[in-house]
Amino acid sequence: MNTLVLGIGSPIMTDDAIGLRTLEELEKMNLEGVTLQEACTSGLDLIEVMIGYDRVIIIDAIMNYGEKPGMVMVLDRDAFSNTVHGINAHEANIPSTIELGLKLAPDTFPKDIKFVAVEVNDVFTVNDKMTPEVEAALPEAVNTVLRLIKE
């Protein structure tokens with residue numbers, strides 16, 4: 001299976017780095033048949049990145065999902081059906097992006113999309129260090145992605 005693992009976030013926005021840091025750990029493992037890619041973007045820009053893959057695993061921070069910071073969750077695209085917008089009013093939300101991708105490229109857009117979301121404390125402070133709870137969740141995030149790759 002042709003798998004893309006996307007680490008989303010910002011390396012300088014405290015806990016928003018969890019997706020990128022997880023990707024860094026995965027890069028050390030030389031995973032065969034898996035493309036690892038950073039994505040410091042969201043919304044419609046992700047459509048082009050995801051075209052051509054059978055399966056996509058997106059690793060990202062999630063805030064105010066109702067879990068304690070450091071909780072690692074596997075979510076499917078339906079979990080985001082109530083989101084209203086992306087980073088700003090001009091961004092498409094995740095469900096809209098996926099639906100548009102499926103309509104624009106029905107033969108080449110992935111049908112299997114999973115999210116490894118880590119509940120975080122802070123994605124607003126400029127800092128290259130994650131908070132302790134999120135830093136402690138890094139091994140679990142890596143293991144969760146590895147488990148999804150093997151499924």
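All of these numbers come straight from a predicted model, not from anything done at the bench. Computed from heavy atoms alone, side chains included, the values below leave out hydrogens, waters and symmetry copies.
Between Phe109 and Ile47 there is a side-chain heavy-atom pair separated by less than 4.5 Å. In this structure, the side chains of Val118 and Met71 stay at 4.5 Å or more apart for every pair of heavy atoms. Taking the side chain as every heavy atom from C-beta outward, Leu26 and Leu146 approach each other to under 4.5 Å. Side-chain contact between Ile59 and Ile8 is absent, with no heavy atoms from C-beta onward closer than 4.5 Å. Residues Met13 and Thr125 have side chains not in contact (no heavy-atom distance under 4.5 Å, counting atoms from C-beta outward). Side-chain contact between Ile58 and Val116: absent, with no pair of heavy atoms (C-beta onward) separated by less than 4.5 Å. Inter-residue side-chain proximity for Leu23 and Leu6 is flagged as unmet; no heavy-atom pair is nearer than 4.5 Å.
Val5 and Ile51 fall into different hydrophobic clusters, where Ile, Leu, Val, Met, Phe, Trp and Tyr residues are linked whenever their side-chain heavy atoms come under 4.5 Å apart, directly or through other members. Using a 4.5 Å cut-off between side-chain heavy atoms of Ile, Leu, Val, Met, Phe, Trp and Tyr, with links allowed through other members, Phe115 and Leu20 fall into different hydrophobic clusters. Under a hydrophobic-cluster definition in which Ile, Leu, Val, Met, Phe, Trp and Tyr are linked whenever side-chain heavy atoms come within less than 4.5 Å, directly or via other members, Val72 and Leu75 are assigned to different clusters. Using a 4.5 Å cut-off between side-chain heavy atoms of Ile, Leu, Val, Met, Phe, Trp and Tyr, with links allowed through other members, Leu44 and Ile113 fall into the same hydrophobic cluster. Linking ILVMFWY side-chain heavy atoms closer than 4.5 Å, directly or via other members, places Leu100 and Val49 in a single hydrophobic cluster.
Using a 4.0 Å cut-off between a side-chain N of Lys or Arg and a carboxylate O of Asp or Glu, Glu151 and Arg147 qualify as a salt bridge. Taking 4.0 Å as the cut-off between side-chain N and carboxylate O, Glu135 and Lys129 do not count as a salt-bridged pair.
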Item to complete: Kindly indicate, with the supporting measurements, whether the criterion side chain to side chain donor-acceptor pair (under 3.5 Å) is fulfilled by Asp15 and Thr131.
Response: CA-CA 6 Å; Asp15 293 340; Thr131 60; 2.9 Å; yes
Discussion item. Working note: Met29 + Val142, criterion side-chain contact (heavy atoms from CB on, under 4.5 Å); need CA distance, chi angles, decisive distance, verdict.
Written reply: CA-CA 11 Å; Met29 299 177 186; Val142 170; 3.5 Å; yes
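When atom types are taken as modelled, the side chain of Lys114 and the backbone of Val145 share no donor-acceptor pair closer than 3.5 angstrom. In this structure, Arg55 contributes its side chain and Ile149 its backbone to a donor-acceptor pair below 3.5 Å.
Summarising the geometry of Ala39 relative to Leu46, their closest heavy-atom pair is CB-CD2, 4.0 Å, with the distance given to 0.1 Å. Of all heavy-atom pairs spanning Pro110 and Leu102, the tightest one is O-CD2, 3.9 Å. The two residues Pro11 and Ala17 come nearest to each other via the heavy atoms CA-CB, 4.1 Å. When all heavy atoms of Ala137 and Gly70 are compared, the closest pair comes out as CB-O, 3.2 Å.
For Met63, the side chain to side chain contact (heavy atoms under 4.5 Å, CB included) criterion is met by Val120, Val123, Phe124, not counting sequence neighbours. Applying the side chain to side chain contact (heavy atoms under 4.5 Å, CB included) test to Glu48 and every residue at least two apart in sequence or in another chain returns nothing.
Put simply, CG on Leu36 and CG on Leu31 are 6.0 Å apart, with the number rounded to the nearest 0.5 Å. Atom OH of Tyr53 sits about 5.0 Å away from atom CG of Leu4, to the nearest 0.5 Å. Note that CG of Asp112 is 12.0 Å distant from CG of Asn2, once rounded to the nearest 0.5 Å. Rounding to the nearest 0.5 Å places CD1 of Ile18 at 13.5 Å from OG of Ser10. Atom-to-atom distance recorded for Lys150:NZ and Leu148:CG is 11.0 Å, nearest 0.5 angstrom. Going from atom CD1 of Ile57 over to atom OG1 of Thr3 covers 6.0 Å, rounded to the nearest 0.5 Å.
No side-chain donor-acceptor contact under 3.5 Å links Asn127 and Thr14.
Counting heavy atoms of neighbouring residues, nucleotides and ligands inside a 6.0 Å radius, atom NZ of Lys68 does not exceed 12 of them.
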